[in-house]
Amino acid sequence: MLTRIVTGLALIVLSGLYWLQADAIPQSPMSGSVGADGLPKLLALVLCGLSLIFVVQSILVRQPLAAPGIPEDDQDEDDAAFTRRGHVLAGALLAISIVYSVILPYAGYTVAMGFLLLAVGVFYHRRMSAGIATFAILGAVVFHLIFITLLGVRMPEGIWPNVLAFLHAHTA
Amino acid sequence: MTNLYYIWEGLTSLPILLAAMAGVLWGMCGGALPGISTAIAMSLVLPFTYGMDPSAALVLLGAIYIGSEYGGSIPAILIRTPASGSSAATVVDGYAMQRQGRGGEALGLSLVGGTIGGFVGLLLLSLLTQQLSKVALWFTPPAYFALGILGISVIASLSERNVIRGLIAGVLGLMVATIGTDPVSGVMRFTFGYPELMGGVPVIIVMMGVFAVTELMIQARERDYSEDVTERSTRLKLPSLKKLWSLRVPQIIAIVFGTIEGLTPGGGGSIAAFMSYNEAKRWSKEPEKFGKGSEEGVIAPETANNVVALTALIPTLSFGIPGTATAAILLAALLIHGLHPGPNLFTSHPEVVYQLFSGLFLANLGMFVFGLIILSPIIWLVNRPRAYLRAGIFGLIFSGIYSVNGSEFDLYLVMAIGVVGYLLRSLRFPFLPFVLAVVLGYMIEANYRRSLLITNGDHIVFLQNPISVCLLALSALFIVLPLYRQFRQRRRSSQAAHPQQP
Amino acid sequence: MATRIACTFAALASLAAVAAAGPALAADKIAYPVTTGTMIMQSSPGSGGDLFLRAVADAANRQIGANFAVENVTGGSGAKAMALLGKSPGDGSMLMGVSPTYVNTSLLSKPPVSYTDLQPIVRLFLDSVIVVVREDSPYKTLKDVIEAAKKAPHSVKVAVGEPGGLETQTMIELMQKTGTQLTVISHDGGGDALLSVLNGTGDMAIGEAAELKSQLDAKQIRPIAAYTEARIATFPDLPTAREQGIDMVVQKFRGIIGPKNVSPEVIKAWEAAVPKMLNDPAFKKWYEEGALIPAFQPHDQFEAFIDNFGAKQKQFFLDNNMIKG
């Protein structure tokens, strides 16, 4: 129940912030009778109203048969995921993705991809193994071949061209 | 009569056959890679078409379009990663089937549904182009608005047990849809100065976030299982004719919405797929199965996608106005060969048009055959040990997202959307209303405001257009009826002393 | 899967073996600092801007001693392409094909590299912006439209492409000049705006002649005015807005820009090449069909033009409250 109330309150705060941003949208004479801020402001009000109902519902409606341990709604097959441990593990995967995105411009696509494959592989395998390491290296090469060589996507090159130029200038 | 000759000539010409086969295979492979849109797959071969015969060039590009619409459903079903906006609706029930070990069945349904959709679309394209191009003109802003409302009117029924939660998720989706350039005045809304947001949050980013990234986060706990549960997939299994006949209603629905969306510019595959999914659920005898591996929920969006791929060519050829971003490339290929699509194309260059039709026929056949061949190795690929498979999916998603716009910003955006999806699901908010609102939000708002401009702010405009009146009345009915039924059921169950609970 | 794709590609390559043609006449070509150059385009393959730049690259390859290829760098309405160009060396190895969008994007959002951080090189064309009505429309001239609008404000509806674009601005300017009230309905693109006129939602549309060509040919729509300096070669009977007493010209330019530090040799090469390209028969056929008006401007003039254009756009956005000063 506490989760529901906190969620509802967070949504009310969100609707308030959204309203403030909507209010800051410039008023252009071309916006028509509704205006560029028409729908956003309506949405902010509706969200606020719905969230209030949600909170009130959570407080008033007593859960029938609310035995400890049984979630308030019907059991869902997903529910097993949403334990505290599940959240921590999900956060860990998200952290790996963030690290990938941060190092991508510096390490370049291929190296960053190798890292991503290795990190996720180790995460699921729960330990380092020669198989995972080989997979990460080969995988990075395959991804390089598909996305850069074949599809011609302009992936970040990272610092390598600069490093090479630097080495070249200093060895020559 | 000469037209028949052109069609025969197209069917028997080797360059056209080769172009159709190469195109459909390339399209299937490219389309199966998340983030590699049909447009990218087509533009990569565009330079090769310059030196080709105009008919073969068009067949090559058209075949890529067909193949790509099908290819997108492969990762959608097998790894819950929609490769394009138009395959996102397939994820819901396709992936549910995969989890139940019926992935091969889902792939079979999507292959057959797509092939049927392709042939029906081709039939409409080759026989009714002139007539259907007039239908495209019926859709004025009030009609588009009403179509969007019809689509969004299912939110209450998509919300499963909690209408308030469903509505909140829907409003959040509409909020995401308001990000970007205002459709009427052109001022920036909620872009916070980021030029990446000027064009709005791309639908594909939302889909990959809510479906793929969210799912990966949820599956993080599977690390705790010591035994390596197989990914439960068998071989490709085609549906029987009897099964196809029993699935006729969702297919007819898909053909109707696919045709409408193909004809009207700016609609595009994702709207057609989601609308077909919604309506298939609404008209289904077993709506409770939707979201839990419904066959109807797979075949409806898959048929719709391929109908769109073909019918989008109707406005392209008859007006010179592309129905989708992808049709724009086809248009470019026509222009490069000195052909001007438009009302005169059919009389000035019938040979090109009719040979294109025969090439697309071959491409549809090819799609079916290649589907049978390439699906088995792909199924093998997703049956690898979990650590490798998951790492591979991560690599695929993060490469694909970067490829959409070549932007690091999009990587953070997709993670943010993924976190929103994770929160929605962990707090037991239904996520379909959110996705639906993102897909339809722009269409509803833009056309609502355009409509009001027509009458200088008077809402009577929605009653002046017959399509809009019908669709709005239908939506109202669909919103009120379930509420009424629920109300009656509640009264009945409260009257009974001990309501029976299954 | 990779091998499969590679196989397809090989098949395609052999299919299109004929495509690789065009012997090089190296002797009389204009000298250029590098041998290969990338021309980036902010819009997607197949779009109007993309086709323009591909044609330019093709014509330039016949005049300049370097090989130019087009690359599409989409995203952020051009911000991504501008950022990439801003980082490139000034040796002419990376250029960008531009239209007014790049100035508008710079003003409407805060891209890391703005139009003032880049160097205009040459202007090639102006688009022929025309006003069209449905074939059975009562309006014969722009004057008819203005009179109708004077009689009943907001009775005339104009369909335009993207919101806040040059077409919308033109219509607002028209209203201000004539003291009338028109209803401007924006769409998701020029094609949608055209459909709007065909189905009667809009009474008239304003757009580029090239986009409207097939409907004009099929006599479904009729042009009533051209927003150009002089009459358009392909529409000799179409009077300009000026001839009809409305002193307005739309400057929808198409040009080539480079990074701020682009070298003088690159500029000189392009200034020498463009007049020759404009006389190239194949290129001429292409741009005349698309009703593009050759409007060559060398670097100095183009730079002044862009400065002026940018200042005008900024004023417009400020006046209409679309940006804050």
Side-chain angles (χ1 to χ4, degrees), chain B residues 15 18-19 22 25-26 29-30 39 42-43 45-52 56 60 136-141 181-188 191 193-196 198-199 265-266 319-322 325 328-329 331-332 335-336 340-344 374 378 405-407 446 450 453-454 456, chain C residues 1 4-5 8-9 11-13 15-21 44-47 50-51 72-80 105 108-112 154 157 162-165 168 183-189 191-192 194-196 198-201 211 213-215 217-218 220 320-323:
Chain B
L18 278 177
L25 192 55
W26 170 244
C29 296
M42 280 166 82
S43 60
V45 301
L46 193 62
F48 292 102
T49 63
Y50 293 162
M52 288 165 69
L60 179 69
L137 291 181
W138 297 350
F139 279 81
T140 54
T181 307
D182 177 52
V184 172
S185 66
V187 299
M188 296 299 139
T191 56
Y194 288 107
E196 289 89 346
M198 280 177 77
F319 293 114
I321 298 170
I329 299 185
L331 195 68
L335 292 173
I336 285 162
H340 287 278
N344 295 344
I374 70 164
I378 290 178
N405 281 321
S407 163
R450 284 175 196 152
L453 281 175
I454 297 174
N456 300 320
Chain C
M1 189 138 75
R4 241 165 236 289
I5 296 174
T8 324
F9 226 63
L12 286 175
L15 250 179
V18 228
S44 52
S47 60
D50 177 66
L51 292 179
N72 303 83
V73 181
T74 57
S77 302
K80 179 88 195 161
T105 299
L108 287 170
S109 72
K110 301 170 206 149
H154 288 296
K157 290 157 198 84
E162 282 85 15
T168 312
T183 298
V184 180
I185 306 177
S186 55
H187 292 75
D188 297 331
D192 287 12
L194 172 60
L195 271 186
S196 230
L198 288 177
N199 70 22
T201 305
E211 264 185 337
K213 186 174 171 12
S214 48
Q215 268 65 32
D217 289 349
Q220 290 181 337
N320 287 289
N321 222 344
M322 292 174 72
I323 51 170

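All values derive from a computational prediction rather than experimental measurement. A note on names: the letters A, B, ... follow the listed sequences, proteins ahead of strands, and every chain is numbered from 1.
- Minimum interatomic distance between S77(C) and M198(B) (heavy atoms only, all atoms of both residues): OG-CB, 3.9 Å.
- Proximity of a side-chain donor or acceptor of S109(C) to a complementary backbone N or O of Y194(B) within less than 3.5 Å is not detected.
- Contact annotation: the side chain of F319(B) never approaches that of L194(C) to less than 4.5 Å [non-hydrogen atoms, C-beta and beyond].
- Rounding to the nearest 0.5 Å places CG of L137(B) at 9.0 Å from OG1 of T201(C).
- Chain B forms more heavy-atom pairs under 4.5 Å with one residue of A79(C), P112(C), G78(C), S186(C) than with any other, namely S186(C).
- Of the two parts of Q220(C), only the side chain, counted from C-beta on, holds a non-hydrogen atom closer than 4.5 Å to a non-hydrogen atom of chain B.
- Here T181(B) contributes atom OG1 and L108(C) contributes atom CG; the two are 7.5 Å apart, rounded to the nearest 0.5 Å.
- For the pair N405(B) and K80(C), the minimum side-chain heavy-atom distance is 4.5 Å or more.
- Residues L51(C) and A332(B) share a closest heavy-atom pair of CD2-CB, 3.8 Å.
- Closest of all the heavy-atom pairs between P163(C) and S185(B) is CB-C, 4.1 Å.
- Contact annotation for V73(C): neither backbone nor side-chain heavy atoms come within less than 4.5 Å of a heavy atom of chain B.
- Note that NZ of K157(C) and CG of L453(B) are 10.0 Å apart. Values are rounded to the nearest 0.5 Å.
- With a 4.5 angstrom heavy-atom cutoff, T183(C) touches chain B only via side-chain atoms.
- Contact count versus chain C (heavy atoms, under 4.5 Å) is highest, among L331(B), V187(B), I454(B), for I454(B).
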